[in-house]
Amino acid sequence: MGDNAKNEYEVIWLQERPILSVKNLSTHFNMAEGVVKAVQDVSFDLHRDDVLGIVGETGSGKSVTVKSIAGMTDSPGFIAGGEILFFTDEFSKNGEKEYIDLVKLPKESFSKVRGKHIGMIFQDPMTSLDPMYTIGNQMIETIVHHKKVTEEEARERSIRLLEQVGIPKPSERINDYPFQLSGGQRQRVVIAIALSCDPEILVADEPSTALDVTVQAQILELMKDLQEQFNSSMIFITHDLAVIAEIATKISVMYGSYQMEMADSMEIFENPMNPYTFALLECIPRLDIKQDQLLPIPGQPPVMLNPPNLCPFLPRCSRATDRCYKELPKLEQLKDNHFVRCWNPITNRVLLVKEAEE
Amino acid sequence: MKLLEVRNLKKYFPIKQGFLVERVVGFVKAVDDVSFSVDRGKTIGIVGESGCGKTTIGKSIVRLLEVTDGEMLIDEEDTTFYFMKKRRAKQYLKAKYFDTARFNNGDNSEFEPYEKKMYDVYNRANRDASKAIDYLFEKADQKKRLLRRKAQIVFQDPMSSLNPRMTVGQMLTEPLLFHELAKDLDEAIEKVKELLVQVGLKPYHVDRYPHQFSGGQRQRIAVARAISVNPDLIVLDEPTSALDVSVQAQIVNLFQKLQEQLNAGYVFISHNLSLVRFISQEVSVMYLGRIVEQGNSESIFKNPLHPYTKALLAAAPIPDPKKKRNRKDLVGGQVPSPINRPTGCFFNPRCKYRMDICTKEYPPMVRVDENHFVACHLYSTSQEQGGESK
């Protein structure tokens, strides 16, 4: 009986374990002008069924974060520190799942993880598909490489996948070249390839940005449905707060290579505690309400070349204190599941909105 | 007096095929029969997905493209022919004004103001059409200059609209000197410094090159260049879509501040519905080269009528996780190719409310409210609907 109890406990424990745990990740680039610190001290846990949204402006380090996770930081980029723990049985000898540090994983072994356990979707489907091969070729290649199946089986699987992502007449379209498809359809194919090996994690880097609004809505709805169907976790990167509100369950706000704030989706939009998140929410035009004015953030986003070891938002922040000029705040948990990097966090949003309006 | 009036604007791009001997095999009807107007100090927003012709409209207004047909009136003066080749301009004028029997009737009570002006010219030339046309060409260079001064444009990507080899000073003094708004270079430089301050930059930026600025600052330079000649009309072609959100708000606020100062009319072209709602008083929604819904901004955003407008609004994500999108109005499919447009209403293959008539006839623009027009058979008069049911 004791054994049973232990097993039950273990099962729960296994389920509650994060599938991916990133700890203090830093990625830097060695440039002639100096070191570009693209990602600094990024930490998060990704659980099963989570959709983690990473939102940030150009150059905030959101893409480099996921490229580091997928082992795509080529020279001059390198991971300067931290751990990326991935829970998998791919490399274990006894078949049990264990945490593997992807940072230490050699480049050759990465192809067993990327594509199989981590599916990637990029912004521009025209550049992520090879124009010289039919979409069928590209899908079958991926499946045969990762799964022990014949080409015939892979082909059937591809057709099924194409159907799932909403491509009409998949058995005919599988022989098409990428240029024969429209932008939205191409992105659907990329999604199908990313899902082809049942990955535990789906990484989507601005998947809807290059598309028109009506098509963007279709792709977002599709990704939500598929994520539920395939029961995988997702990391979703975008610069668009509205898109992130739509899809993410948990949001990490990045600015100037640091995570400024991380919390559940609702919490971020209702109680932003970091001044940057607050300002960002105030400066976007809204479709659902009529606004009299936008409150812009003064100044420009930071340059990541040899930055000072201070809060990156400091030059533009209206709530800066003396302490901000002395040391960099840490990402601290201020509430349940609400992490903030700030010396002077906002505690009462309503009051601040009133002040700002006056 | 309307600042800009666009009537039945058409712009077709020929598709050519063949080696050595090129044949025109078809047309891309980028803009097809579009009419709208802008007042001083007001903004009209033009929204639509890529390929709907919104940029072509913008370029046609500032005459970077020659139009196929239609009139563009600025301050109630027909300016359409200013940049045409002389032969074509003559044909245009003759066909439009001096070939009709209307002028000869002598009854000018029904003429619109711009027609009256032409009528005066006609009389001045002793009712001789070719002489009248010559009159119109008398000060052609000045007229062109005036139009270039009156209408300016700001493009999407400031990195490609600013010359990388010119300093800000060189770039901004050029229009001032050309339009004789400054006597000499020294005065021009002083004016440029004022302009830079006006758009939120520093006077010492005058000697810098575009690559030395950030994206938002570059767009400010492009704006400074546009306003340097005190234009009455500014076409803003996706001016913030290359910028980050935090900078976008700065630029949008700058546009509003400048509009108050200059009392200029804006044509704001964008695919970002929230931005258009924020900045414009009037909105035109375009689909495949035509305007499907037009009118007061609030009225359109609160009460969209055309199924395409509804779909656009339903598709636009809202930055609030509590508000779920209205899945009912979403549409599937893609925008069809403008070369091969569907028959009838262009939206009919994607439309949920499709009726028989929709595949046959393009719906006329009907007025549903004081300032709200829609081109959809759902809102056509009951008489027509009765005809359709037979």
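Note on naming: letters A, B, ... go to the chains in the order of the sequence lines (proteins, then strands), and numbering restarts at 1 for each one.
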| remark: Under 4.5 Å to a heavy atom of chain B? For Glu270(A) that would be side chain
| query | If you count heavy-atom pairs under 4.5 Å between each of Leu243(B), Ile318(B), Val335(B) and chain A, which one has the most? | reply | Ile318(B)
| remark: The reported gap from OG in Ser161(B) to CD1 in Ile221(B) (rounded to nearest 0.5 angstrom) is 9.5 Å
| request: Tell me, out of Ala315(B), Ala311(B), Ser246(B), who's got the most heavy-atom pairs with chain A below 4.5 Å. | output: Ser246(B)
| Can you find a heavy atom in the side chain of Ser252(A) that is under 4.5 Å from one in the side chain of Phe44(A)? | no
| task | Give, as side chain, backbone, both or neither, the part of Ser182(A) having an atom under 4.5 angstrom from any heavy atom of chain B. | result | side chain
| request: Just say parallel, tilted or perpendicular for the rings of Tyr255(A) and Phe313(A), cut-offs at 30° and 60°. | output: perpendicular
| Looking at His239(A), Arg316(A), Gln216(A), which has the largest count of heavy-atom pairs under 4.5 Å with chain B? | Arg316(A)
| remark: Honestly, the part of Phe301(B) sitting under 4.5 Å from a heavy atom of chain A is side chain
| query | So which of Gly333(B), Ala316(B), Ala314(B) has the largest heavy-atom pair count under 4.5 angstrom toward chain A? | reply | Gly333(B)
| Largest heavy-atom contact set with chain A, pairs under 4.5 Å, which of Lys322(B), His271(B), Lys323(B) | Lys322(B)
| task | With a 4.5 angstrom heavy-atom cut-off, could you sort out which part of Gln218(A) is near chain B: side chain, backbone, both or neither? | result | side chain
| request: Return yes if a side-chain donor-acceptor contact under 3.5 Å exists between Gln156(B) and Ser241(B), otherwise no. | output: yes
| Which bit of Val245(B) comes within less than 4.5 Å of chain A, counting heavy atoms only: side chain, backbone, both or neither? | both
| request: Examine whether an atom of Gln250(B) lies under 4.5 Å from a heavy atom of chain A, and if so say whether it belongs to the side chain, the backbone or both; otherwise answer neither. | output: both
| query | What part of Pro168(A) gets closer than 4.5 Å to chain B, counting heavy atoms only: side chain, backbone, both or neither? | reply | neither
| request: Measure distances from Leu220(A) to the heavy atoms of chain B and classify the residue's part below 4.5 Å as side chain, backbone, both or neither. | output: side chain
| Do the charged groups of Arg286(A) and Asp288(A) touch, with an N to O distance under 4.0 Å? | yes
| query | Taking Leu313(B), Leu273(B), Asn253(B), Asn272(B) one by one, which has the highest count of heavy-atom pairs under 4.5 Å against chain A? | reply | Asn253(B)
| request: Return yes if a side-chain donor-acceptor contact under 3.5 Å exists between Asp50(A) and Ser233(A), otherwise no. | output: no
| field | Atom group of Glu57(A) that falls short of 4.5 Å from chain B, counting heavy atoms | value | both
| Sole residue of Thr309(B), Val283(B), Val47(B) in side-chain contact (heavy atoms from CB on, under 4.5 Å) with Glu293(B) | Thr309(B)
| Among Ala248(A), Ala242(A), Pro301(A), which residue forms the greatest number of heavy-atom pairs with chain B at distances under 4.5 Å? | Ala242(A)
| request: Could you label the plane-to-plane angle of the Tyr209(B) and His211(B) rings as parallel, tilted or perpendicular, counting under 30° as parallel and over 60° as perpendicular? | output: parallel
| request: Any chance you could lay out the side chain to side chain contact (heavy atoms under 4.5 Å, CB included) test for Ile57(B) and Val34(B), step after step, and finish with the verdict? | output: CA-CA 9 Å; Ile57(B) 289 185; Val34(B) 162; 3.7 Å; yes
| field | Flag for Gln281(B)-Ser297(B): side-chain donor and acceptor within less than 3.5 Å | value | no
| task | Scan Val66(A), Asp205(A), Leu202(A), Thr65(A) and name whichever one has a side-chain contact (heavy atoms from CB on, under 4.5 Å) with Ile235(A). | result | Val66(A)
| request: Identify which part of Glu298(B) has an atom lying under 4.5 Å from any heavy atom of chain A, answering side chain, backbone, both or neither. | output: side chain
